[in-house]
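The block underneath contains the structure these notes are about, expressed in structure tokens.
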Amino acid sequence: MDLALLRTFVTVHRAGSFTRAAALLGLSQPAVTSQIRTLERQLGRPLFLRQARGVTPTTMGDELAHKAAPHLDALVEIAETGPDNDSSLRTLHLAGPPEFTAERALPALTELTGDDGQPFALRASFGNAEETLEGLAAGHHDLAISTARPRGALLTATTLCDEEHVLVAAPHRAEQIRSGSGTGSANLDPKDAPALDDLPLIEVHESLPFVSRYWASVFDSRPAASGTVIVPDLRAVLACASAGAGLAVLPRYLCAPALERGEVVPLHEPAVPPLRTYFLVVRTGTLAMPHIARAHEWLHRAATGWG
């Protein structure tokens, strides 16, 4: 059996698409399709079921991937490092927004840094979407978490997860809003948004990115107030909100413990809450490297439990 065919097969299996696999391998889609058909003829069994969006492996395809992938990964390690070097520990360079990377990605990935047969070292850096994507394209990072989907063929992005945004404040601020709205409830209707106009806002930037997005989505308006406290970290925003400094819009995953403890309360529970999407981004072709592929797969697997 041709190893090149197996490499193409494993890449398609991991990518879930002939198109994405072709980009990762630096081949044309017809070339990838042809190689998979050749392998299927050799085995006498179909390996993938073609669907409108991508492909799904058959039972035979899953069995072959399970058997072949570890050995192909080992061959790639030898080819990259040489047979005399210790290839058991590779370094993964991860970049992403500070709060999400610290609270979600790093705890998930540290499980792969132990002695599980294929450990790797981990290095993380924080930045906004533009900074992390530029660093990834320049080769400074192996894997990036971004709230912006990159354009062009240099970078390949897959959707990782969505985060729900919540409008919160300390309990005494909620009482203030009840009095201002005249509804007796802190769960505001869109028409009650003016009750928030005179209250201080806590944000990560003077442009009020989280608050403005929430107001546009839920209240169909712009916030009338300006930022009272500006701190460039959502964890600091939460701390200030808990201390009673004002209102804040935060990801639910970040403020959920504070909500459970009653340190902050939700001011509004819209039927369709505002969401922000995170993407997992690599340089095209680098998912052929085992330590990047493992981290990529592991984060996607962890993300299924983040909803």
Side-chain angles (χ1 to χ4, degrees), residues 1-85 87-90 92 108-109 111-112 115-120 142-143 149 152-161 279-305:
M1 189 178 296
D2 190 335
L3 287 179
L5 297 183
L6 280 178
R7 179 170 180 260
T8 298
F9 160 75
V10 169
T11 304
V12 172
H13 188 273
R14 286 172 169 166
S17 161
F18 285 177
T19 302
R20 287 195 292 270
L24 293 170
L25 294 165
L27 300 173
S28 66
Q29 182 176 337
V32 170
T33 302
S34 176
Q35 289 188 25
I36 295 300
R37 286 176 177 168
T38 298
L39 186 58
E40 288 177 329
R41 284 196 300 270
Q42 291 179 0
L43 296 172
R45 301 276 295 276
L47 298 173
F48 296 103
L49 299 176
R50 281 68 169 174
Q51 298 180 335
R53 293 185 177 181
V55 293
T56 301
T58 63
T59 301
M60 175 67 176
D62 278 333
E63 290 176 357
L64 180 60
H66 179 73
K67 293 178 181 179
H71 301 289
L72 286 170
D73 290 345
L75 288 173
V76 170
E77 290 282 353
I78 293 172
E80 291 175 351
T81 64
D84 297 327
N85 293 334
S87 62
S88 62
L89 191 65
R90 300 294 301 273
L92 179 82
L109 287 178
E111 296 183 36
L112 295 179
D115 186 15
D116 66 346
Q118 290 181 309
F120 56 68
D142 300 313
L143 195 60
R149 183 188 289 274
L154 179 61
L155 302 178
T156 300
T158 54
T159 300
L160 182 61
C161 65
F279 300 96
L280 198 52
V281 191
V282 296
R283 287 187 304 283
T284 299
T286 57
L287 279 182
M289 301 177 69
H291 69 300
I292 298 178
R294 289 184 67 229
H296 190 275
E297 180 182 356
W298 197 265
L299 283 174
H300 274 290
R301 188 184 306 170
T304 62

What I'd like to find out is whether the side chain of [X] reaches to under 4.5 Å of the side chain of [Y], using heavy atoms alone.
X	Y	answer
V10	R14	yes
Q42	L5	yes
D142	R283	yes
R90	M289	yes

For [X], all residues meeting side chain to side chain donor-acceptor pair (under 3.5 Å), sequence neighbours excluded:
X	result
T284	T156
E63	none
T11	none
T58	none

When rounded to the nearest 0.5 angstrom, what distance separates [atom1] in [X] from [atom2] in [Y]?
X	Y	atom1	atom2	answer
L287	R20	CG	CZ	10.5 Å
D2	L39	CG	CG	9.0 Å
L47	T59	CG	OG1	11.0 Å
T158	L280	OG1	CG	5.0 Å
L109	R294	CG	CZ	10.0 Å

For residues 36-67, the ring-ring contact (aromatic ring centres under 6.0 Å, His included) pairs (sequence neighbours left out) are F9-F48
Given the options L143, L112, T286, L92, H291 meets side-chain contact (heavy atoms from CB on, under 4.5 Å) only with L92
N/O donor-acceptor pairs under 3.5 Å from side chains in residues 29-37, not counting sequence neighbours:
residue : atom : partner : partner atom : Å
Q29     : OE1  : T19     : OG1          : 2.9
T33     : OG1  : Q29     : O            : 3.0
Q35     : OE1  : T8      : OG1          : 2.5

Salt bridge (Lys or Arg N to Asp or Glu O under 4.0 Å) pairs touching residues 296-305, sequence neighbours excluded, are E297-R301
Scanning both residues in full, the closest heavy-atom pair of A108 with A302 reads CB-CB, 3.9 Å
Across all chains, not counting sequence neighbours, the side-chain contact (heavy atoms from CB on, under 4.5 Å) partners of R149 are A157, T159, F279
Residue set satisfying salt bridge (charged side-chain N to carboxylate O under 4.0 Å, His left out) with R41, at least two apart, ordered chain then number -> none
